[in-house]
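Positions are given from 1 along the sequence.
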Amino acid sequence: MNMVRNMLLVVCSVLLLTLIVSCGSAAEQPEAQAPAAPAAKAAVPTAAPVAAKPEVVTASDSAPAFSDYWKPPTDFFGEPVYGGHIRINYEDPLEHANSWGASTGAATRVRSATMNHIVNTSPYDNTAIIPDLAKSWNLESDGSAVSFNFHEGVKWHNGDDFVCEDARFTLETWITGNGITSSAQKSNFSFIDMANMSCEDDLTLNVGFKGPTAPALLSFTAPSAFIFNKAWFEAGGEDAMFQDISVGTGPFTWDEGQVVGVDEQRFSKNPNYFKGGGALPYIDNLTIFGILDESTQQAQMLAHQTDLHWVRNFGQYAAYVAHDQIMTVIRATRGHHQLWMNAGKPPFDNVKVRQAVVMGMDRSAAIAVLQEGYGSQGFVMVPGGAWNITQEEGCAVPGWCQSEDMEATRAEAKAILEGEGFDFDKTYTFTVEGDSQVSSRATLIQEQLRLLGINVDFDLVETVAYRQANNEGRWGELQSGNATMPTDDPSLGMGHYHRCSSERNYITPQTECNQELEDMFDESLRVTDPVERKKISDKIQLYIMKQYHTFPVYWEQEAVAYWPEVRGYFHYPGPSGPHVTWEQLWYDPAHKNDTGFSGQTQGAPGGI
């Protein structure tokens, strides 16, 4: 019985199929409350690997009032107050803002504060889908279509009315890729039947699917699935997506007089924000800094020149944990460092060569050196998640579990390479994004390859050019990079890297589409029974593992540090999501001088 109960939890998005949601009631605006008492004291952390908790994503069974779904973590932070300025310390240059056609973490970070999704997950709970532009939705009982009912009176920041056609056209653009470099959501929305997508009126969008679709609602919560203004795009094209942040519907407006590409971007409270009837956002001003140099990141945070920092390395983490005022929260995430081998280039078109490389990767060393022990080994899906295969199943695939005798395993891997005629005298190209953290992680992999007798030279490529080269199949024999699975779902998560149409599939551009795998992904979308869907998910994972195209060297624990006057933060299992709209945070100066946080903060929402 326990097994059946656990399998039912795998619902992840399957429970969404049972939703038939009616219209919701008007939202109420809460009153600002008096400052709360300081949060709980901290304890000393450990570096023990921690697996991710299963993400079982569900949605409300009716269109709730704002007060029913907006649940700030007041037990830990006290009641929200209004006003103040929060400064975000982000680790990458804010080069551009095109989250639709050239999506990057930096683009999503700089764009999020001004935008909305159709629906989204809660910034206070990554397992709950809540209204965003849509106040309610009606999902067909067989999961073959959905109707979204939008809030009335939503305004773009230029004063225009938001209408259904904006959302319909955004979905069409993602699906077709028309007018954009590389659609960030083409694979994510591959189940939508464009012939059956239409606006019933200005506030109602009907979306038909190609068949029953288990994770349909979940797909609309993808971190960069922002709805854009149709007229704005038609006037400015993709250049507007890269350079103009002035037209959104979100909680903050982009301050006038700025240009994209400057690593300090300022935003102000949107006085006409629709969500919560004026209850949001809590803060008046937001500044996002893009700071590439890691020592500068830490120096600015420790000097209290920034207020919140998604921690870049574990030297920073140790400094923040030791600080008596800075709160630090950590959890296992969907983040991982991913090695790719180019099946379009010999000798890595040989699956046995790719297998030998995976066998030669010392994952324990990578976790110890690069993560200081804060990481996990795992398979294709998130370790500890609802969709993960068993250790026994995964370890049956050679190379996917850490050998107790790496020297012997390397000798076995070398023998495989020799048997396949591998050219050890050749130097192979290892394509690396021009980012200091990515480069340092790739250096460890370079050393692991050297121990196998494989010589590589780095080809360092600037971020935008790196993405474009990947999408066109123009990269070397190997590459590695940071990655975050957007959702813990087999169709949407694994499909993000392995669907032929996905911009994050770096194999398909230079090889033929794997139709066998595509068919399995299609089946995982259609099947609604959670037990059967789990079987399909396991089949997909084992199939992918045996191809050895890509390999998560480790899965990460990631941390965020913030000063005590920052309130309302829930730690998400990834750096992008609804938590980077910042509408959920408030700034309470009454806590500015709070102390007693030396050691890992215990009890912080979303943390371990």
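Taking the side chain as every heavy atom from C-beta outward, Glu558 and Trp310 approach each other to under 4.5 Å. When side chains are defined from C-beta on, Cys164 does not count as touching Asp201, because their heavy atoms never get closer than 4.5 Å. A 4.5 Å side-chain heavy-atom check between Phe162 and Ile227 finds at least one atom pair inside the cut-off. When side chains are defined from C-beta on, Ile291 counts as touching Asn89, because their heavy atoms get closer than 4.5 Å. Two residues are said to be in side-chain contact when any heavy atoms from C-beta on lie closer than 4.5 Å; Trp254 and Asp244 meet this criterion. Side-chain contact between Thr114 and Phe267 is present, with heavy atoms from C-beta onward closer than 4.5 Å. With contacts defined as side-chain heavy-atom distances shorter than 4.5 Å, the pair Asp538/Trp387 does not qualify. The closest side-chain heavy-atom distance from His498 to Phe521 is below 4.5 Å.
Although no hydrogens or angles enter the test, the distance criterion places no donor-acceptor pair under 3.5 Å between the side chain of Ser224 and the main chain of Ala222. Within the 3.5 Å criterion, the main-chain N or O of Thr328 finds a donor-acceptor partner in the side chain of Thr601. For Ser502 (side chain) and His496 (main-chain N/O), a donor-acceptor pair under 3.5 Å exists by modelled atom type. Looking at Lys71, its side chain never comes within 3.5 Å of a backbone N or O of Asp125 through a donor-acceptor pair. Under a 3.5 Å cut-off, the side chain of Thr333 and the backbone N or O of Gly335 do form a donor-acceptor pair. Here the side chain of Thr170 pairs a donor or acceptor atom with the backbone of Phe228 at under 3.5 angstrom. Listed for the Gln584 side chain is a donor-acceptor partner under 3.5 Å among the backbone atoms of His579. Arg504 contributes no side-chain N or O that, together with a main-chain N or O of Tyr497, makes up a donor-acceptor pair within less than 3.5 Å. Formation of a donor-acceptor pair under 3.5 Å by the Ser112 side chain with backbone atoms of Thr108 is found in this model. No donor-acceptor pair closer than 3.5 Å links the side chain of Arg526 to the backbone N or O of Pro212.
With sequence neighbours left out, Val146 forms a side chain to side chain contact (heavy atoms under 4.5 Å, CB included) with Trp137, Leu139, Phe148, Val207, Phe209, Leu217. Among residues two or more places apart in sequence or in another chain, the ring-ring contact (aromatic ring centres under 6.0 Å, His included) test is passed with Trp70 by Phe66, Tyr124.
Between Tyr374 and Tyr317, the angle of the ring planes goes over 60°, which puts this pair in the perpendicular group of the 30/60° scheme. Using cut-offs of 30° and 60° for the angle between ring planes, the Phe189 and Trp174 rings count as parallel.
Looking at Asp161 and Lys155, a side-chain N of the basic residue comes within less than 4.0 Å of a carboxylate O on the acidic one, giving a salt bridge. Contact check on Asp160 versus Lys230 returns no salt bridge, with no Lys/Arg side-chain nitrogen under 4.0 Å from an Asp/Glu carboxylate oxygen. Using a 4.0 Å cut-off between a side-chain N of Lys or Arg and a carboxylate O of Asp or Glu, Asp529 and Arg533 do not qualify as a salt bridge. Using a cut-off of 4.0 Å between Lys/Arg side-chain N and Asp/Glu carboxylate O, Asp92 and Arg109 are scored as not salt-bridged. Note on Lys275 versus Glu583: salt bridge recorded, some NZ/NE/NH1/NH2 to OD/OE distance being below 4.0 Å.
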Item to check | Leu205/Met197 under side-chain contact (heavy atoms from CB on, under 4.5 Å): CA gap, chis, key distance, verdict | outcome: CA-CA 7 Å; Leu205 173 65; Met197 180 171 64; 4.2 Å; yes

Next on the checklist: Evaluate Leu133 against Val154 for side-chain contact (heavy atoms from CB on, under 4.5 Å), listing each step before the verdict.
Outcome noted: CA-CA 8 Å; Leu133 286 169; Val154 178; 3.9 Å; yes

Next on the checklist: Applying side-chain hydrogen bond (donor to acceptor under 3.5 Å, both in side chains) to Ser219 and Asn188, what does each step give before you reach the verdict?
Outcome noted: CA-CA 6 Å; Ser219 69; Asn188 188 48; 4.6 Å; no

Item to check | Stepwise side-chain contact (heavy atoms from CB on, under 4.5 Å) test for Leu94 and Val260 | outcome: CA-CA 7 Å; Leu94 308 178; Val260 174; over 6 Å; no

Next on the checklist: Between Asn206 and Ser147, is the side-chain hydrogen bond (donor to acceptor under 3.5 Å, both in side chains) condition met? List the steps.
Outcome noted: CA-CA 4 Å; Asn206 299 319; Ser147 293; 2.6 Å; yes

Item to check | Verdict with reasoning, Asp489 to Thr487, per side-chain hydrogen bond (donor to acceptor under 3.5 Å, both in side chains) | outcome: CA-CA 5 Å; Asp489 176 85; Thr487 51; 5.3 Å; no

Item to check | Criterion side-chain hydrogen bond (donor to acceptor under 3.5 Å, both in side chains) on Ser491 and Ser524, from CA distance to verdict | outcome: CA-CA 6 Å; Ser491 305; Ser524 73; 2.6 Å; yes

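Taking the six-membered ring for Trp and the full ring otherwise, Phe226 and His117 have centroids separated by under 6.0 Å. Between Tyr90 and Phe289, the ring center distance fails the sub-6.0 Å criterion. Ring-centre distance between Tyr320 and His309: below the 6.0 Å cut-off. When ring centroids are compared, His157 and Trp232 stay outside the 6.0 Å threshold. A distance below 6.0 Å separates the ring centres of His323 and Trp563.
Rounding to the nearest 0.5 Å gives a distance of 7.0 Å between CD of Gln437 and CD of Glu91. Here CZ of Phe570 is found 13.0 Å from CG of Leu585. Values are rounded to the nearest 0.5 Å. Taken from CD in Gln185 to CG in Leu171, the straight-line distance is 9.5 Å, to the nearest 0.5 Å. Here the CG-OG1 distance, from Asn158 to Thr249, works out to 11.0 Å after rounding to the nearest 0.5 Å.
Looking at every heavy atom in both residues, Ala113 comes nearest to Trp582 through CB-CD1, 4.3 Å. In terms of heavy atoms, Gly378 sits closest to Pro383 at CA-CG, 4.0 Å. Closest non-hydrogen pair, Ser122 versus Tyr572, comes out as O-OH, 2.6 Å.
Annotation for Glu264: atom CD counts as buried by contact number, over 12 foreign heavy atoms lying within 6.0 Å.
If you check the side chains of Gln325 and His591, you find no donor sitting under 3.5 Å from an acceptor. Judged purely by distance below 3.5 Å, without hydrogens or angles, the side chains of Ser136 and Asn149 pair a donor atom with an acceptor atom.
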